[in-house]
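Written out below as structure tokens is the structure these notes cover.
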Number of protein chains: 2
Amino acid sequence: MRKITIDDVAALAEVSIKTVSRVINREPNVRKTTRQKVLEAARQLDYWPNVAARGLAGKNSYLIGLVYDNPSPSYLANLQTGVLETCRESGYGMVLYSLDSQKSNLIAQTDELIIQSRVSGLILTPPLSDNMELVQHLVAQNFAHALVSPPAFGETKFDGPVIMLDDRLAVFEMTNYLIKAGHRRIGFIKGHPQHSAGLRRFIGYCDALNAAGLAVDDQIIAQGYYSFDSGLSATQKILSANPRPTALFSTNDDMAAAAMHTALDMGLKVPDDLSVVGFDDTPLSRYIWPPMTTVRQPIRDMGHKAAEKLITYIHEPKKGQQIVMPFELKIRSSSAPLI
Amino acid sequence: MRKITIDDVAALAEVSIKTVSRVINREPNVRKTTRQKVLEAARQLDYWPNVAARGLAGKNSYLIGLVYDNPSPSYLANLQTGVLETCRESGYGMVLYSLDSQKSNLIAQTDELIIQSRVSGLILTPPLSDNMELVQHLVAQNFAHALVSPPAFGETKFDGPVIMLDDRLAVFEMTNYLIKAGHRRIGFIKGHPQHSAGLRRFIGYCDALNAAGLAVDDQIIAQGYYSFDSGLSATQKILSANPRPTALFSTNDDMAAAAMHTALDMGLKVPDDLSVVGFDDTPLSRYIWPPMTTVRQPIRDMGHKAAEKLITYIHEPKKGQQIVMPFELKIRSSSAPLI
DNA sequence: AAGGAAATTGACAGCGCTGTCATTTATGTT
DNA sequence: AACATAAATGACAGCGCTGTCAATTTCCTT
């Protein structure tokens with residue numbers, strides 16, 4: 001289990017270490033036959049470059065950072081798994097950072113993180129990807145970063161990789177499903193005000209209602225903060241409206257679970273008395289009873305894409321990489337046609 | 001935002017870079033006044049050592065790896081948060097690895113991981129910490145590693161840091177709680193056969209039953225694999241026993257949620273007809289309805305401890321570091337006294 | 001106060017790689 | 001075939017730190 005260095009490969013392939021370096025880094029100006037020879041030698045020795053040495057000598061640290069602020073465990077677990085898988089394939093390492101988007105020193109924290117960890121790029125997840133000040137700061141520094149679910153395009157001058165879901169359309173379709181099922185009074189728990197995705201979801205809801213000629217009624221709309229507890233109080237408000245809604249759309253699963261709790265505590269049956277739908281398709285949505293209707297976003301794949309595009313961007317920054325991921329309506333038993 | 005190097009600090013403190021290095025690394029043989037001078041200079045310049053350079057020059061990469069195999073998202077999220085926090089404080093980086101403990105090349109995978117990533121130590125989580133072959137391999141190589149929830153001590157010759165919970169006692173106490181509540185027939189869903197913690201939990205259950213003079217009945221014991229789906233079929237077996245148990249202990253929360261599903265699908269009320277208790281205190285246990293009685297393990301703190309002890313061990317390996325973490329019974333509404 | 005041991009400090013090489021620039025080799029042109 | 005030009009390769013310095021070992025200073029003895 002001895003460490004193989006670039007010198008070993010160079011010796012075996014009978015070239016200089018610089019040429020091996022060129023091949024490893026996919027640099028141009030290497031004859032095809034030479035490249036083959038080097039590749040073969042590397043394979044034979046099972047050579048793997050020393051990341052520390054690369055980081056020291058070059059500018060690229062082969063490290064990317066995934067930064068988050070208080071996400072749900074399953075969102076984080078899925079996203080990071082995706083990022084990790086892609087990193088591994090590309091010879092990159094991933095480091096995790098937890099940042100507090102509320103703190104005033106967010107920018108300073110980020111700078112420190114970049115300096116200390118020597119990451120070559122950052123993947124920002126909501127609500128950090130929503131923080132225009134932060135994003136602009138990175139843009140200004142010309143620091144590579146990918147944004148997951150950032151605010152609608154155009155609002156920012158950012159032009160690096162962006163991974164998003166058509167939140168508006170997803171909610172539009174899900175709301176339509178409820179309307180088609182006969183529901184006329186559909187409550188809505190908004191997402192965290194700092195998450196732009198929450199706003200887009202709300203717009204989708206309003207659009208669907210408008211398209212069906214239904215009124216948007218503030219009485220059955222409440223502010224949520226993505227936490228279970230915020231879902232509890234939001235639902236209390238909505239269910240105390242008169243007349244009571246027959247369906248309730250929550251912008252994430254945790255709050256939808258809270259809605260089901262509250263309904264059950266009030267003696268209402270789900271879905272008989274109240275249809276509840278969520279957003280995210282976390283494991284919870286399947287484990288709860290009755291299993292919850294929700295919108296699935298391909299979070300792991302979003303991690304793949306984010307890492308892939310970021311790494312490409314690190315090697316050669318080019319603009320306008322915007323990826324829209326597909327969603328899927330998961331109709332389960334917490335929602336039903338109105339009788 | 002210029003990079004500060006060790007030379008800057010040395011110049012400001014008017015000492016050689018080697019002395020700065022000594023101070024940074026807490027080496028002995030530095031005069032107190034010198035140490036102060038260096039520390040002050042470092043603070044003033046906001047100096048942070050370059051990890052890549054340290055890794056290249058020395059043997060310690062200041063990187064530790066957290067390896068896991070298919071854990072639940074919230075277990076992973078909590079543990080890694082704990083590890084991360086401690087790493088940050090100690091100037092270490094954390095890398096994550098997903099390994100497949102079923103695959104025959106597990107050892108080879110691990111070696112590759114160690115070589116490629118240059119980690120200085122590994123934290124193994126179940127079921128990897130249960131894999132004696134893997135642990136012995138690391139021991140043989142004299143490679144630093146911490147074990148989270150490994151098999152009972154004594155079965156192994158390992159003598160590095162070990163973080164564990166008294167699983168047997170936790171289940172013993174929880175079972176006692178059920179017995180005190182009047183339950184005489186208590187079903188049990190076993191944990192994954194490859195997790196030794198599952199075995200210890202089962203022993204705790206048997207011990208409590210025996211202590212109360214109750215028989216252990218195979219009819220109401222089923223094998224589970226920690227997944228929701230495995231909980232479904234396990235519960236089906238247990239609830240079809242005659243007479244039906246009045247309480248059901250599941251070795252984790254996901255399976256307990258499945259038990260509640262199955263019970264509800266069968267028209268049984270929880271907790272009126274069946275008390276259900278879980279293990280782990282995942283968010284799910286609180287979000288489900290009715291909120292679930294469960295055993296809380298301080299997973300995040302276990303991450304702290306594991307990282308802390310591992311880092312200490314990397315600097316000076318000394319034996320017999322065994323930490324037993326406290327647990328807590330969380331009595332909620334999925335369990336009730338037998339009427 | 002001289003001599004020796006112990007504590008403290010520094011000079012210097014080198015970890016494994018990449019960037020720069022010089023050198024060699026292949027290709028095209030007339 | 002001689003030359004210009006482009007492509008391919010290599011020599012060498014140096015990234016920021018630690019390990020080794022030698023030089024210096026301090027502290028005890030007597």
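Below, chains carry the letters A, B, ... as their sequence lines are ordered, and counting in each starts from 1. Note that this is a predicted model, so its numbers are computed, not measured.
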Task: Spacing between A:Lys37 atom NZ and D:dA8 atom C1', to the nearest angstrom - done: 12 Å
TODO: Report yes if at least one side-chain N or O of B:Arg22 is closer than 4.0 Å to OP1 or OP2 of C:dT9; otherwise report no.
DONE: no
Task: Ionic contact status for A:Arg43 with A:Glu40, cut-off 4.0 Å - done: yes
Open item on the list: From CG of B:Asn29 over to C1' of D:dT25, roughly how many Å is that when rounded to an integer?
Closed with: 13 Å
Task: Rounded interatomic separation in angstrom, taking CD from B:Glu27 and C1' from D:dT20 - done: 12 Å
TODO: Quick one: label A:Asn25 by what it contacts on the DNA or RNA (base, sugar-phosphate, nothing), any heavy atom closer than 4.0 Å.
DONE: sugar-phosphate
Task: Atom pair distance, as rounded to whole Å: CG in A:Asp7 and C1' in D:dG10 - done: 14 Å
- [ ] Please confirm whether the backbone N or O of A:Val67 pairs with a side-chain atom of A:Thr125, one donor and one acceptor, at under 3.5 Å?
- [x] yes
Open item on the list: Taking any heavy-atom pair under 4.0 Å as a contact, classify B:Pro28: base, sugar-phosphate, or nothing.
Closed with: nothing
TODO: Decide whether A:Gln141 and A:His137 meet the rule of one side-chain donor and one side-chain acceptor closer than 3.5 Å.
DONE: yes
TODO: On DNA chain C, check which nucleotide each of B:Gly58 and B:Thr33 is closest to and give me the residue with the more 5' one.
DONE: B:Thr33
TODO: Nearest whole angstrom, please: distance from the P of C:dG16 to the CG of A:Asn60.
DONE: 20 Å
TODO: Mind calculating the distance between CZ (B:Arg118) and P (C:dC15) to the nearest angstrom?
DONE: 13 Å
TODO: Determine the contact category for B:Tyr62: base if any of its heavy atoms lies under 4.0 Å from a base atom, sugar-phosphate if only primed atoms, P, OP1 or OP2 are that close, otherwise nothing.
DONE: nothing
Open item on the list: Taking only side-chain N and O atoms of B:Tyr47, does any of them lie within less than 4.0 angstrom of OP1 or OP2 on D:dG16?
Closed with: no
Task: Side-chain N or O of A:Thr5 closer than 4.0 Å to phosphate OP1/OP2 of C:dC15 - done: no
TODO: Determine the interplanar angle of the B:Tyr92 and B:Tyr62 rings, folded into 0 to 90°, and report it as parallel if under 30°, tilted if 30 to 60°, perpendicular if over 60°.
DONE: tilted
Open item on the list: Looking at B:Thr34, I'd like to know whether one of its side-chain N or O atoms comes within less than 4.0 Å of OP1 or OP2 on C:dT8.
Closed with: no
- [ ] Report which part of the nucleic acid B:Asn50 touches: base, sugar-phosphate, or nothing (heavy-atom distance under 4.0 Å, all strands).
- [x] sugar-phosphate
Task: Atom pair distance, as rounded to whole Å: CD1 in B:Ile4 and C1' in D:dC17 - done: 16 Å
TODO: Give a yes/no answer on whether the side chain of B:Ser21 brings an N or O atom under 4.0 Å of OP1 or OP2 in D:dT18.
DONE: yes
- [ ] On DNA chain D, check which nucleotide each of B:Lys18 and B:Ala52 is closest to and give me the residue with the more 5' one.
- [x] B:Ala52
TODO: Round to a whole Å and report the spacing from CZ of A:Arg26 to P of C:dC17.
DONE: 16 Å
Indicate every side-chain donor-acceptor pair of residues 26-39 of chain A with a distance under 3.5 Å to a residue at least two apart or in another chain.
{"unit_1": "A:Arg35", "atom_1": "NH2", "unit_2": "A:Glu27", "atom_2": "O", "d": "3.3"}

Open item on the list: Looking only at side-chain N and O atoms, does B:Ser101 offer a donor or acceptor that is under 3.5 Å from a partner on B:Asp69?
Closed with: yes
TODO: Please state whether the phosphate of D:dG10, meaning OP1 or OP2, lies under 4.0 angstrom from any side-chain nitrogen or oxygen of A:Thr19.
DONE: yes
- [ ] Check whether any side-chain N or O of A:Arg31 sits under 4.0 Å from OP1 or OP2 of D:dA7, and answer yes or no.
- [x] no
TODO: Confirm from the modelled atom types if B:Lys59 and D:dG19 form a donor-acceptor pair under 3.5 Å, side chain to base only.
DONE: no
Open item on the list: Less than 4.0 angstrom between a side-chain N/O of A:Arg54 and OP1 or OP2 of C:dT18, yes or no?
Closed with: yes
